[in-house]
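In what follows, a single structure is set out as structure tokens and then discussed.
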Amino acid sequence: MTTKTLTKSAAGTRFMPALFAVILGLGVITLTGHVQASALHDAAHDVRHATGFPCH
Amino acid sequence: MTPHMTCVTQPASPATKQMFSRVLTSALFAGAAAGLLIALLQLLFVQPVLLHAELYESGELVHFGGEAVTAHPDLPGFDAVRDGLSIVFTMLTYTGYALVMVALMSIAEGMGHAVTARTGILWGLAGFVTFHLAPGFTLAPEVPGVAAADVVDRQIWWTATVAAAGIAMWLLAFGGNLVSYAIAAMLLMLPHLIGAPEPETFTGPVPTEIGALFAARAFGIGLAAWALLGCFAGHFWQAEAKQAEA
């Protein structure tokens, strides 16, 4: 009983922070790697080529 | 009479708050530190090849134009604005990768797997395969000026391939049975069997020697980058745990 409760709460402790970090991380990657707005594209141009994102 | 107030959302527990700050802090440290080193490596090894290709993209040099062209033209040097932006965006990109990686590390640790600087190198290799090698296996790293299909179509294929490869690497690491290994192999191969969006015709003005060198350098630096990122993420993940205990 105690073990079950502990395991459940440990998983809950990790899930929300992990979900938040994944969403934030994917948002940052989309912004630096994919968004085609010209100011962003020009600033990130060399990085997109070097890091293997589709650029133009 | 005082209005009766109820709290609908439960406030986060102290343990959850601590986990939030541990994930965010270690990802920020690892991403920024690795990103800075990687940006310098890219400027040293990848940027000269890219600048060389741009001389052909702009038409300043012409391949097979009648006259033989030197393979060692003068290249522009360090450009504070352009290269400075590259450094910032490399740090941002690798911080994005680090956020995803550290989040998954925390889940893996919750499943009972040790996460350290040493195992972090394996995480880095898995990240390299997921975000760089898998999409680049068919959409090879592009020098400026190459012919390519519509960018949105390629981005959709890139995203799907990265997602498939990410699931595959997780299954390879933690699946633990033949069925999950078989699914992982299928997920790794399928996007390339389906094929990526390709251009109708080849119009790239850049010599193949430069294109090949660029792809090799991009993958080489990518591998170094991810090994560093994984190692740093594992290190800071442990360092932040010690900090929280102290």
Side-chain angles (χ1 to χ4, degrees), chain A, chain B residues 12-13 15-24 27 39 42-43 46-47 50 82-83 85-86 88-90 92-104 106-107 109-110 131-133 135-136 139-144 148 151-155 157-159 214 217-219 221-222 225:
Chain A
M1 177 75 184
T2 321
T3 324
K4 202 177 173 186
T5 320
L6 271 180
T7 317
K8 199 183 164 193
S9 94
T13 303
R14 285 170 191 274
F15 182 72
M16 287 311 289
L19 183 67
F20 175 73
V22 165
I23 292 170
L24 183 62
L26 292 178
V28 172
I29 295 165
T30 304
L31 201 68
T32 60
H34 290 305
V35 174
Q36 289 294 314
S38 70
L40 261 179
H41 170 273
D42 293 351
H45 174 269
D46 297 356
V47 180
R48 288 181 182 189
H49 277 283
T51 317
F53 288 95
C55 191
H56 301 279
Chain B
S13 71
T16 305
K17 282 183 187 164
Q18 208 170 53
M19 190 56 73
F20 258 110
S21 76
R22 186 179 170 198
V23 168
L24 292 182
Q42 280 178 350
L43 287 180
V46 184
Q47 191 69 7
L50 188 141
R82 179 177 181 170
D83 295 337
L85 279 170
S86 290
V88 172
F89 273 83
T90 305
L92 270 175
T93 304
Y94 279 86
T95 303
Y97 293 148
L99 282 163
V100 176
M101 187 195 281
V102 171
L104 296 176
S106 84
I107 299 291
E109 196 185 65
F131 278 99
H132 208 156
L133 188 60
L139 280 185
E142 304 161 3
V143 281
V151 69
V152 177
D153 291 347
R154 284 182 295 138
Q155 285 174 336
W157 187 89
W158 186 98
T159 306
F214 185 83
R217 288 278 171 97
F219 277 141
I221 297 303

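Atoms considered below: every heavy atom in the structure, side chains included; atoms not considered: hydrogens, waters and symmetry mates. Here is how names work: the chains are called A, B, and so on, in the same order as the sequence lines, proteins then strands, and each is numbered from 1.
Proximity to chain A (any heavy atom under 4.5 Å) is shown, for B:Ser21, by neither the backbone nor the side chain. With a threshold of 4.5 angstrom between heavy atoms, B:Gln47 approaches chain A through side-chain atoms but not through N, CA, C or O. If you measure heavy-atom distances from B:Gln155 to chain A, the contacts under 4.5 Å come from both the backbone and the side chain. If you measure heavy-atom distances from B:Val143 to chain A, the contacts under 4.5 Å come from the backbone alone.
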| message | side-chain contact (heavy atoms from CB on, under 4.5 Å), that's the test. Do B:Phe214 and A:His49 meet it? Break it down for me. | response | CA-CA 9 Å; B:Phe214 185 83; A:His49 277 283; 3.9 Å; yes
| What do the steps show when you test B:Arg82 against A:His45 for side-chain contact (heavy atoms from CB on, under 4.5 Å), and what is the final call? | CA-CA 9 Å; B:Arg82 179 177 181 170; A:His45 174 269; 4.2 Å; yes
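For the pair A:Ala44 and B:Phe89, the tightest heavy-atom approach, listed with the atom from each and the gap, is CB-CD2, 3.6 Å. Of all heavy-atom pairs spanning A:Cys55 and B:Val151, the tightest one is O-CG2, 3.8 Å. Shown here for A:Val47 and B:Ser86, the closest heavy-atom pair between the two residues is CG2-O, 3.3 Å. In this structure, A:Val28 and B:Leu92 approach most closely via the heavy-atom pair CG1-O, 3.3 Å. Nearest heavy atom pair, residue A:Pro54 against residue B:Trp158, reads CD-CD1, 3.6 Å. Smallest separation of non-hydrogen atoms from A:Ala18 and B:Ile107: CB-CD1, 3.8 Å.
Annotation: side chain of A:Met16 is not in contact with side chain of B:Met19 (no heavy-atom distance under 4.5 Å). Annotation: side chain of B:Tyr94 is in contact with side chain of A:Thr51 (closest heavy-atom distance under 4.5 Å).
Of all residues in residues 36-43 of chain A, those placing a non-hydrogen atom less than 4.5 angstrom from a non-hydrogen atom of chain B are A:Gln36, A:Leu40, A:Ala43.
Between A:Phe53 and B:Tyr97, the angle of the ring planes stays under 30°, which puts this pair in the parallel group of the 30/60° scheme.
Looking only at distances, no side-chain donor or acceptor of B:Arg217 sits under 3.5 Å from a matching main-chain atom of A:Ala50.
Here CZ of B:Arg22 is found 6.5 Å from CZ of A:Arg14. Values are rounded to the nearest 0.5 Å. Note that CG of A:Asp46 is 7.0 Å distant from CG of B:Asp83, once rounded to the nearest 0.5 Å.
Checked options B:Val100, B:Thr95, B:Val23, B:Leu24; the residue passing with A:Leu24 is B:Leu24 (criterion: side-chain contact (heavy atoms from CB on, under 4.5 Å)).
For the options B:Pro144, B:Pro135, B:Ala98, B:Ala140, heavy-atom pairs under 4.5 Å to chain A are most numerous at B:Pro144.
With sequence neighbours excluded, the residues satisfying side-chain contact (heavy atoms from CB on, under 4.5 Å) with B:Ser13 are B:Ala15, B:Thr16.
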